[in-house]
Every structure is written in C-alpha cells, then in structure tokens.
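This is the structure I have questions about; it appears just below.
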Amino acid sequence: MALVFSSCGLGAVMNLSALKTYVSSSPKKSLTCERSKIVAGNQGNKAAANASAVVATEPLTKEDLIAYFSSGCKTKEMWRIGTEHEKIGFNVKTLRPMKYEQITALLNGISERFDWDKVMETGTIIGLKQGMQSISLERGGQLELSGAPLETLHQTYNELNSHLYQVKTVAEDLGIGFLGIGYEPKSSLEDATIVRKTRYDIIQDYLDRTGSGPDMGLKTCTVQANLDYSSETDMIRKFRASLALQPIATALFANSPFSNGKPNGFLSIRSHLWIDTDKKRTGMIPFVFNDSFGFERYVEYALDVPMFFLHRNKSYLNCGGMTFRDFLSGKISHLSHEQPTINDWETHIGTIWPEVRLKRYLEMRGADGGSREMLCALPAFWVGLLYDEESLQTVLDMIADWTTEEREMLRTQVPVTGLKTMFRDGPLKHVAEDVLKLAKDGLERRNYKETGFLDAVAEIAITGVTPAEKLLKLYNGDWGQSVDPLFHEMQY
C-alpha cells in the first residue's frame, strides 16, 4: 500500500504565478466560468497536496484569494455531487465507544482487504485514500467518508453501499458496529475515545478558550452535500437559497435526541451545539443576503476569522488565534518568517463552519447523520433544489421577503421543535412540503430517475414527524426508556 502523509492542504494545489496572471487579466466582475488551467477543481477530494506545492515567489494578495473561489466555477455539464457522512463506532458487546486500537485495526483492515492507501501522521494511521474518495477520523473517532465528485445520485447510492459494505466486513471481525445517528446517545464525554491529531488539539484548545464545549468534535455526526456553481452570480443565488432553507434540512433530518442515555430536550442536539460554537466562524452569516455579497465579500469575512494553525514540514504551527488578515500583512510576530500560500488559505477556510460553507463548491452543513436512506436523501434534496433552474428560482422567490430575524429564529428554534416550529402563519411542516415538491420536480427534470431517493424524507415532510421524534416514541414505548435497543435499530 502507498503511504500518503497527512497535511492541511486539502484539495488541489495552485500555481501562484499562473493564478496571479489569471487574476490580473480578469476584471473583478467577470469572474464566471473562465478558469486558470493550472487550477484543479476536485470537489470533495481531501487528499494531501503539499508534496507538489509550488513555492510562492510573490506575496499572496486578496485578489489571489478571490480568484481561488472563482476557480471553482464550472459549466453546468461539469457539475458534480459530493457527499460526506460520519458514523459513530461502538463495541457491539458493551455498547461503549470503540477503543483507539480498534479504530486503527479497522483502518488497517480496510486498507489491506480493499486496497486503500494509508494516510499517516507521525507514524500513526489516521485515514485512507482511494482515488477521489477518502476516509478520515473526527476527533472522537467518528469515521467519515468524503466521497468522489459524481454525476448522478445513483452513483452516490452505489458509493455509499460499497463503503458501508467494506466497513461492515472489517468491523464485524473486530466486534464493532456503526450507528446512523447525529449524536452518540449513551456514553459520557469522559468515555469518548480521543483521536490524537495535533491539529485537533490546537482547535480544541482554542475552542476551550472561547467557551465552546468539546461535544462538537467528540460526539456529533453529520451528512453533507457539496455542489458546484457556474459563476459568481450562480454561487450567490445558490448560497442564498440553501442558507435560508438550511433550517428546513435540519428539521427534516433531525436525528439526535439522546445524550448520556436519555432524552436531551432537543430533536437535533448536534445542530444546537453549533449555535454555541465560536460565533466568529459559525451561524447563518446574514451578509450573504446583502446586495454587496459575492466572492470578495466572503473573502473579507474569512480574512477576519481567527486562524488555528499552519502546516509546515509535516508539523502544525499554532497561530494563536490571529486572523488571516494579520497573517497576510505580516503581523503575526512568531510566524513573521512564514509566507502565506494559497494552501494556507485553503486550510483556513476549511476551519470556518457556517451553515453553508463556500469552498470551490458550496457545502450544505445543516443535517444530522442518519440511516442509509437518509444519507442518500440529503444530496437528493439539494440537487433537486439547486441544480434545476426552475426550482432554484422558485426558492429564491419564496425566501425573498424572509427577514434576518426570521432566518435566525428558525436556526435557533428548529433544533428544539423541528417541523412543528411556527413560522409566519403555520408550522414549518407546510414550508417543508412545498420545498420537497420543488426538490422532486427538480430531480424529475434532470431525467436520471432519481426522485426515489427522496422517498424517506418525503414521508417526514408529509407526516411532520422527524426521525428524532420516532426514536423518542420508541424510547418511551417499546424500548422501556432505554437507549440500548437503538444500537441494534440504527446500526448500519
């Protein structure tokens, strides 16, 4: 097996000289589909790239950072679907979290049996890579698949089934299983298995100092969809539509009602926890709805978000909470000898966590992890809404008069009351039904026979009963107020 050494430089590497030429020859307002030939746009690919990085010979500028996002523009025929999903591992006999030795044995087993390359850090296996797919570990040992950029939801379904088959094949021999849920339901934080990555230690130290709890990195699981844009204008439209509707997705996919073996008072504790996590880098970022929004405005936002670290020579350098703007201007005294690179920027924007995140694609971040069917339903939901012009425009018309206060109310209240959240003249369920109809219509117009992937979430919209509420009913009924049966019910 080949060994891939981990780095923070996620995605493809840019040649700065070529990128600068591209920027200088492109007027600011014409950042559309034209792309630097040097820039690779591998959506969803988390492979290490520093090994082939070109050393910058000129200082990085704000124009370079704007061009980074512009380089993600793709013509419609090149739009792809990227899906990422996390799973919580547990010991099938004790229902306790996997031990670290089991995690490493799992990764080694998948590598050896299914021909994945190992990703190493300081001599320890921390992930796997195969083609444009990667498997990584969250801080609490959650296993994440970052899928390849795919053309259809049928390919997404096949990728998911292949991944779950491989994981289960190896996991069964190790006595471990995996849950499709948004938050570890039984164990305490003290029981969590901590993956020792230097980058995680730096992040957690910063979050501790800002008053954010450790739950987010240790016990949560999500499913995310990554979708492309054709131009700056297309990015703006898709960003606004998806950000406004993100609480709808949170409600439909709400699946984390338990903590420490009992109900926690939320339908999505995972989503709620993000509200209290470093507000400088999370939330509904209302400036997206301002007339001035575009690539440059997002760059201005990201420049003022505190940095966590730099990656140099297989080591992590703590940035001490200074901003990228400080770094760009040489104001970080202990890093004054380090020259900012586009890889540093790419790493930095990956540590910003709004409900929708801009990279060289748009990342939908509002949903809890769930069952096999729900993992496919999430990309189906967003593809139907954002990749079809008619559905996208209808969404934009629908949300045009939603206020900042209303969007924020939905973000705060939906993790508690789900589709029963009151919005204007009725429960949010009615909005969700309308939105699901638009998603289905959008998929039908794609002509790939993909609408069946919405069946699981369509039932939720019709009944108004979220996955979390179904679990709570079982907990108070057949399960005798125990979460133990959940491990069998929700196991992949």
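Throughout, numbering of the chain's residues begins at 1 and tracks the sequence. Remember, it's a predicted structure, so these values are computed and weren't measured experimentally.
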Under 3.5 Å, is there a donor-acceptor pair linking the side chains of S391 and D441?
no
Only counting residues at least two apart or in another chain, list the ones meeting side-chain hydrogen bond (donor to acceptor under 3.5 Å, both in side chains) with N264.
S259
Classify the ring geometry between Y206 and F308 as parallel (under 30°), tilted (30 to 60°) or perpendicular (over 60°).
perpendicular
Could you walk me through whether E459 and K470 pass the salt bridge (Lys or Arg N to Asp or Glu O under 4.0 Å) check?
CA-CA 12 Å; E459 178 191 353; K470 292 180 181 178; 3.7 Å; yes
K74 backbone acceptor or donor facing D228 side chain under 3.5 Å
no
If only side-chain N and O atoms count, and only distance matters, is there a donor-acceptor pair under 3.5 Å linking D201 with T198?
no
Does a side chain donor of either N255 or R270 reach within less than 3.5 Å of an acceptor in the other side chain?
no
Student check: side-chain heavy atoms of T466 and L252 closer than 4.5 Å
no
Donor-acceptor pair, distance only, cut-off 3.5 Å: does the side chain of R357 make one with the backbone of I352?
yes
I'd like to know if the side chain of E172 and the backbone of L174 have a donor-acceptor N/O pair within less than 3.5 Å.
no
Does the H154 side chain pair with the main chain of K449, one donor and one acceptor, at a distance under 3.5 Å?
yes
Please confirm whether the backbone N or O of E101 pairs with a side-chain atom of T104, one donor and one acceptor, at under 3.5 Å?
yes
Okay, side chain of Q130, backbone of D115: is any donor-acceptor separation there less than 3.5 Å?
yes
Can you classify the ring geometry of F253 versus F381 as parallel (below 30°), tilted (30 to 60°) or perpendicular (above 60°)?
perpendicular
Using modelled atom types only, decide if a donor and an acceptor are shared between the side chain of Q155 and the backbone of E151 within a distance under 3.5 Å.
yes
For the OG1 atom of T282 and the CE atom of M284, what is their distance to the nearest 0.5 Å?
11.5 Å
Reference residue E389; test salt bridge (Lys or Arg N to Asp or Glu O under 4.0 Å); the match among R237, K76, K238:
R237
Would you find a donor on one side and an acceptor on the other, under 3.5 Å apart, between the side chain of E450 and the backbone of L153?
yes
If you look at every heavy atom in V195 and Y200, which pair is closest and at what distance?
O-CD1, 3.9 Å
Apply side-chain hydrogen bond (donor to acceptor under 3.5 Å, both in side chains) to N108 and list each qualifying residue two or more places apart in sequence or on a separate chain.
K118
Hey, what's the ring geometry for W479 with F258, parallel, tilted or perpendicular (30° and 60° as the breaks)?
tilted
N/O donor-acceptor pair under 3.5 Å between T222 side chain and A367 backbone:
yes
SB check R365 E363 (cutoff 4.0 Å):
yes
Could you walk me through whether E390 and R445 pass the salt bridge (Lys or Arg N to Asp or Glu O under 4.0 Å) check?
CA-CA 9 Å; E390 186 175 333; R445 284 188 285 268; 3.7 Å; yes
Quick check: does any side chain N or O of S111 sit under 3.5 Å from a backbone N or O of W116, one acting as donor and the other as acceptor?
yes
Would you say Q246 and M364 make side-chain contact, with heavy atoms under 4.5 Å?
yes
Please enumerate all residues that pass side-chain hydrogen bond (donor to acceptor under 3.5 Å, both in side chains) together with E355, with sequence neighbours excluded.
none
Can you confirm whether the side chains of R411 and S271 place a donor and an acceptor under 3.5 Å from each other?
yes
Would you please classify the geometry between the Y298 ring and the F239 ring as parallel, tilted or perpendicular, with 30° and 60° separating the classes?
tilted
Does a donor on one side chain sit under 3.5 Å from an acceptor on the other, for R199 and T351?
no
Working for salt bridge (Lys or Arg N to Asp or Glu O under 4.0 Å), residues K440 and D388
CA-CA 10 Å; K440 182 179 180 182; D388 176 76; over 6 Å; no
With a 4.0 Å cut-off, would you call K429 and E433 a salt bridge?
yes
